[in-house]
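Have a look at the structure that comes next, please.
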Number of protein chains: 2
Amino acid sequence: MPATSSARRTDSRPGGRSARVRAAVHQAVRELLTDEAGELTIPVVATRAGVHATTVYRRWGSVGELLADVATSRFSGDIVVPDTGSLRGDLERYAYDLAKDLCDPDTLALVRATIGIGGEQGAAACRGERQRQLEAILEREQARGTQPPSLERTTDAVLAPLYYRAVFTNDPLTPDWTHSLVAHLLPD
Amino acid sequence: MPATSSARRTDSRPGGRSARVRAAVHQAVRELLTDEAGELTIPVVATRAGVHATTVYRRWGSVGELLADVATSRFSGDIVVPDTGSLRGDLERYAYDLAKDLCDPDTLALVRATIGIGGEQGAAACRGERQRQLEAILEREQARGTQPPSLERTTDAVLAPLYYRAVFTNDPLTPDWTHSLVAHLLPD
DNA sequence: CATACATCGCAGCGATCACTGCGTTAGCGA
DNA sequence: TCGCTAACGCAGTGATCGCTGCGATGTATG
């Protein structure tokens, strides 16, 4: 059989068997997290994903590692670093995007569960690329010739309130509020 | 003295049998949380506490409710609202105390686990009285005749960074850093 | 086309979990 | 002091979990 237009189904590429199983398991985890009633155990996840629990046990080992994997793939590369031309514009856009992301109950449940089970490592997976994205924004401002606030200060003023309000409270993350965070960081 | 026949709480005083069991179970939960290896399940907690699992099942029902109870009693009334005479002094003292509290690995593990399992309700238990204490500090300043920052603003500037850094990062909560949080909130 | 390898499904195993009647004990009120 | 009631200990049950050989299936390579 000529392999011309025939689909190249390598297992490690999107569409392969292993990738399909991984995607199904990830989606099952996210669904069970939103349900809140589900116990989020390996057999339950496997059944929901349509695969056998054996597969999940062998590929991930424990619920903690599975959650960390889901969180990592969830919080990696889905927020593009904005470039609006000014630091204020970049931060406002960044804060707005992050707020919209954290508002999703699905995402929020994933963050909480990952922190609770994964501990230190899970928390790191939840921060994901946020810190690096913030750093990139500040470095870009520095390249423009202006001295931006430090990464620590920006984290305290923007990132921390967003995560705190989302994870610990019920208050909505409104655009006005995210705007005010940047306004307090950058007076003028 | 109310003459209610059914509302007689025989065992609610400190030192009673019920109180001893409660204290033992709470301590077992905290110990197992620090171990991190423990599975934090009802039978394990009960064995560690020296009581029977039946008792734990009947009094708390689930690990989530048990954790919420531990968190509530842990985060209630152990930080006295300071009164240094000035808003700045009050906030600095408050931030320092809270940072010292959140630095404890035991407390941190409790916060993470409670959030992860208890969800919205667990998160509320972890905030505990912090928000009200902050509100009390601000109200006292208002009684002094000065207009303090809003509760929302103070939460974003002080409370949120403290919780975020403790829960999501490995960075230490140094006194200098907590001091800088208040300094940024209250310029002059 | 044939071989080699990785991944998955299947059945089943000890262990533990969540939960439930029933008898016993501890502590308050009279 | 004595009775009453809530709380606890005990033993046991069905269900589920975590995990492990073994065979089947699909995927890449020569």
Side-chain angles (χ1 to χ4, degrees), chain A residues 1-29 32-33 35-69 113 116-118, chain B residues 1-29 32 35-69 73 113 116-118:
Chain A
M1 173 189 288
T4 52
S5 61
S6 179
R8 295 177 301 176
R9 290 283 180 95
T10 302
D11 218 16
S12 58
R13 295 180 185 175
R17 178 173 58 164
S18 197
R20 279 198 307 272
V21 170
R22 179 183 151 104
V25 170
H26 277 212
Q27 183 178 350
V29 169
L32 286 173
L33 280 175
D35 284 3
E36 186 73 25
E39 269 293 318
L40 198 69
T41 179
I42 302 266
V44 174
V45 170
T47 301
R48 182 126 188 173
V51 298
H52 264 70
T54 316
T55 304
V56 182
Y57 279 117
R58 278 201 264 259
R59 284 190 61 166
W60 286 277
S62 69
V63 183
E65 302 178 53
L66 175 55
L67 265 179
D69 187 42
I117 300 181
Chain B
M1 178 75 75
T4 50
S5 57
S6 61
R8 193 178 63 179
R9 307 187 63 86
T10 65
D11 220 1
S12 60
R13 304 201 315 205
R17 181 174 57 163
S18 198
R20 280 199 305 272
V21 169
R22 179 182 150 103
V25 170
H26 278 210
Q27 183 179 351
V29 169
L32 286 173
D35 284 3
E36 185 72 28
E39 270 294 317
L40 198 69
T41 179
I42 301 269
V44 174
V45 170
T47 301
R48 182 128 188 174
V51 297
H52 265 71
T54 315
T55 303
V56 183
Y57 279 117
R58 278 200 266 258
R59 283 189 61 164
W60 287 279
S62 69
V63 182
E65 301 178 53
L66 174 56
L67 265 179
D69 186 42
S73 78
I117 300 181

- Query: Roughly how far, to the nearest 0.5 Å, is the CZ atom of Arg22(A) from the CH2 atom of Trp60(A)?
  - Reply: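 Output value for this atom pair is 7.0 Å.
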
- Query: For the pair made of NE2 in His52(B) and C1' in dC8(D), what is the distance, rounded to whole Å?
  - Reply: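 Nearest whole value for this atom pair: 9 Å.
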
- Query: In whole angstrom, what separates Glu39(B)'s CD from dA15(C)'s C1'?
  - Reply: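 Answer to the nearest Å: 13 Å.
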
- Task: Could you tell me the separation between the CD atom of Glu65(A) and the CD1 atom of Ile117(A), rounded to the nearest 0.5 Å?
- Result: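 The CD atom of Glu65(A) sits 12.0 Å away from the CD1 atom of Ile117(A).
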
- Query: Could you give the CG-to-C1' distance, from Leu40(A) to dG18(D), as a whole number of Å?
  - Reply: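 From Leu40(A) CG to dG18(D) C1': 15 Å.
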
- Are the side chains of Leu40(A) and Leu67(A) in touch, meaning some heavy atoms are under 4.5 Å apart?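 Side chain of Leu40(A) against side chain of Leu67(A), heavy atoms only: contact under 4.5 Å found.
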
- Task: Could you say whether Ala53(A) or Pro43(B) is positioned toward the 5' end of DNA chain C, judged by the nucleotide with the nearest heavy atom to each?
- Result: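 It is Ala53(A) whose nearest nucleotide is closer to the 5' end.
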
- Item | Test item: Thr47(B) side-chain N/O and Pro43(B) main-chain N/O as donor-acceptor pair under 3.5 Å |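 Present.
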
- Task: Could you tell me the separation between the CZ atom of Arg59(A) and the C1' atom of dA6(C), rounded to a whole number of Å?
- Result: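 Rounded to whole Å, this separation is 11 Å.
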
- Taking only the side-chain nitrogens and oxygens of Thr55(A), find out if one of them lies under 4.0 Å from OP1 or OP2 of dG9(C).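 Checking dG9(C) against Thr55(A), a side-chain N or O does come within under 4.0 Å of OP1 or OP2.
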
- Describe the nucleic acid contact of Val44(A) in one word from base, sugar-phosphate, nothing, applying a heavy-atom distance below 4.0 Å.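 Since only primed, P, OP1 and OP2 atoms lie under 4.0 Å of Val44(A), the category is sugar-phosphate.
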
- Message: On DNA chain D, does the nearest nucleotide to Thr41(A) precede the nearest nucleotide to Gly50(B) from the 5' side, or the other way round? Give the residue.
- Response: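 Between the two, 5'-proximity favours Gly50(B).
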
- Trp60(A) CH2 to dC8(C) P: how many Å, rounded?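 Rounded to whole Å, this separation is 8 Å.
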
- Among dG18(D), dG9(D), dC8(D), the nucleotide that comes nearest once only the side chain of Ser18(B) is considered: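 Nearest to the side chain of Ser18(B) among the choices is dC8(D).
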
- Query: In whole angstrom, what separates Arg58(A)'s CZ from dC22(D)'s C1'?
  - Reply: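 Roughly 10 Å, once rounded to whole Å.
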
- Message: From C-beta outward on Tyr57(B), which listed nucleotide comes closest to its side chain: dC19(C), dG9(C), dG9(D)?
- Response: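 Of the options given, the side chain of Tyr57(B) lies nearest dC19(C).
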
- Message: Whole angstroms only, please: what is the CZ-P distance between Arg20(A) and dG9(C)?
- Response: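 That distance rounds to 11 Å.
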
- Query: Any donor-acceptor pair under 3.5 Å linking the side chain of Arg59(B) with the backbone of Leu66(B)?
  - Reply: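 No; zero donor-acceptor contacts below 3.5 Å.
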
- Checking only heavy atoms, does the side chain of Thr54(B) share a donor-acceptor pair with the base of dT20(C) at less than 3.5 Å?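 Present.
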
